[in-house]
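Some notes on the structure that comes next.
Letters A, B, ... are given to chains in the order of the sequence lines, protein chains preceding strands, and every chain is numbered from 1. Just so we're clear, the structure is a prediction, and the values are computed from it rather than from any experiment.
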Protein chains: 2
Amino acid sequence: MDGLSIGQVARQAGLRPSAIRYYESIAVLPSPRRVDGQRRYDRTVLDRLAFIQIAQRLGFTLTEIQLLFHNREEDAPLSERWRGLASRKLAEVETLIDQALGVRRMLTRGLRCGCADLLGCIDCVIANCDSPPGPTAPGHRAKMRGKTPASGT
Amino acid sequence: MDGLSIGQVARQAGLRPSAIRYYESIAVLPSPRRVDGQRRYDRTVLDRLAFIQIAQRLGFTLTEIQLLFHNREEDAPLSERWRGLASRKLAEVETLIDQALGVRRMLTRGLRCGCADLLGCIDCVIANCDSPPGPTAPGHRAKMRGKTPASGT
DNA sequence: CCTTGACTTCAAGTCGACTTGAGCCTGTAG
DNA sequence: CTACAGGCTCAAGTCGACTTGAAGTCAAGG
């Protein structure tokens, strides 16, 4: 058969057909050619979907992803806006990576130390101790505070 | 004043008071003591909130976070369930980090190369080229396929 | 005194990301 | 021929995570 059906694509991407139709409806995926009214995709769509899924996990909204994809449309100064968005997102991804490394540390430590839950572990990890939920090591708290202040009006 | 008001906490955490009340209502935050009917927090709540925000960005749901926090309740074999959840999450965080590194590469390359948008860049990056959206470097596509198949019935 | 601002509760609304359902068409297998 | 597995559209429903609105309490200040 010449091209993938929506079902095949869905299966290979780990999605439901409805999700793919939805992506198309919001222009995150291009509308593919039709054979007899049915969508036919080529394999490159799988790369797109893979990227979309990862980007989503990284906190991109579908709207942002859509912008990343075809910013060329419109009268925008061609790649200019893309670069803006992309570099902003790059920064976000970098801080996300930092934070993820932090959480990884937290979880690894948490699993190694004796805490019964994160409540203990947070203090424990913040205090940089490797040991049980002990009384409390002194003051160097507040470390991973680094969010976007944002959230206007 | 003895303890932080909900407004102060919200401001410092970059949230709205309503979000904090919401967290309390779903038991992600413990119900704090009240003075004259009003909530009074101590500063440790800020650490909790910082953790919550990061965990959310990493894809944890509030429900999961709630479980991470007080798994000690209930008849669960104490830290056992916590460890289960935590190590599952640890694995997720690790693959997330990998993927984030991948996306970072993609964005950096994209910004360095001449592509007008991600459509070009995806191919470009997958093809591992450093150059413009050229005709197409040959066949080594499909690289970053590594998701959880998941998504049952 | 009365307004203002910050707080309270509770119900309902919103937004993003899908899913589900109704009603229809179509190609293949028994 | 009929059944059944897909596919199609479009509208409505769902879920998580909050926000908003209505209606009320309370303390400080002009």
(message) What's B:Arg21 touching, base or sugar-phosphate or nothing? Going by heavy atoms closer than 4.0 Å.
(response) base

(message) Rounded to whole Å, please give me the gap between CD1 in B:Ile20 and P in D:dC18.
(response) 11 Å

(message) Measuring to OP1 and OP2 of D:dG7, would you say a side-chain N or O of A:Ser5 lies under 4.0 angstrom away?
(response) yes

(request) Find the distance B:Gln38:CD to C:dC7:P and express it as a whole number of Å. (result) 7 Å

(request) May I ask you to verify if any side-chain N or O of A:Gln56 is less than 4.0 angstrom from the OP1 or OP2 atom of C:dC18? (result) yes

(request) Tell me whether the OP1 or OP2 atom of D:dG7 has a side-chain N or O from A:Arg39 closer than 4.0 Å. (result) no

(request) Could you check how far CZ of B:Arg57 sits from P of D:dC18, rounded to whole Å? (result) 13 Å

(request) Would you give the length of the straight line joining atom CZ of B:Phe69 to atom CZ of B:Arg48, rounded to the nearest 0.5 angstrom? (result) 5.0 Å

(request) Looking at every strand, decide which applies to B:Thr61 at a 4.0 Å heavy-atom threshold: base, sugar-phosphate, or nothing. (result) sugar-phosphate

(request) Taking the side chain as every heavy atom from C-beta outward, state whether A:Leu29 and A:Arg21 have any pair of such atoms under 4.5 Å apart. (result) no

(message) For A:Arg34, is there an ion pair with A:Glu24 - N to carboxylate O distance below 4.0 angstrom?
(response) yes

(request) Return no unless some side-chain N or O of B:Tyr23 is found under 4.0 Å from OP1 or OP2 of D:dC18. (result) yes

(request) Return the nearest nucleotide to the side chain of B:Arg34; candidates are C:dT8, D:dT9, C:dC18. (result) C:dT8

(request) May I have the distance from B:Leu67 (atom CG) to D:dG16 (atom P), rounded to whole angstrom? (result) 13 Å

(request) Please figure out whether A:Ile6 or B:Tyr22 has its closest DNA chain D nucleotide nearer the 5' end. (result) A:Ile6

(request) When you get a sec, tell me which of C:dT26, C:dT9, D:dA17 is the closest nucleotide to the side chain of A:Asp36? (result) C:dT26

(message) What is the separation between atom CG on A:Leu4 and atom P on D:dG6, rounded to the nearest whole Å?
(response) 15 Å

(request) Check whether any side-chain N or O of B:Glu64 sits under 3.5 Å from a backbone N or O of B:Thr61 as a donor-acceptor pair, and report yes or no. (result) yes

(request) Take atom CG of A:Leu62 and atom P of C:dT19, then tell me their distance rounded to the nearest Å. (result) 11 Å

(message) Between C1' on D:dG6 and CZ on A:Arg40, what's the gap in Å once rounded to a whole number?
(response) 10 Å

(message) Could you check whether any side-chain heavy atom of A:Leu49 comes within less than 4.5 Å of a side-chain heavy atom of A:Ile20, counting everything from C-beta outward?
(response) yes

(request) Please work out if B:Ile26 contacts a base, only the sugar-phosphate, or nothing of the nucleic acid, heavy-atom cut-off 4.0 Å. (result) nothing

(message) Could you tell me how far apart A:Ile52 (CD1) and C:dG16 (C1') are, to the nearest whole angstrom?
(response) 15 Å

(request) Return no unless some side-chain N or O of B:Arg16 is found under 4.0 Å from OP1 or OP2 of D:dC18. (result) no

(request) Return the 5'-most residue of the pair B:Glu24, A:Ser18 with respect to DNA chain C, ranking by each residue's nearest nucleotide. (result) B:Glu24

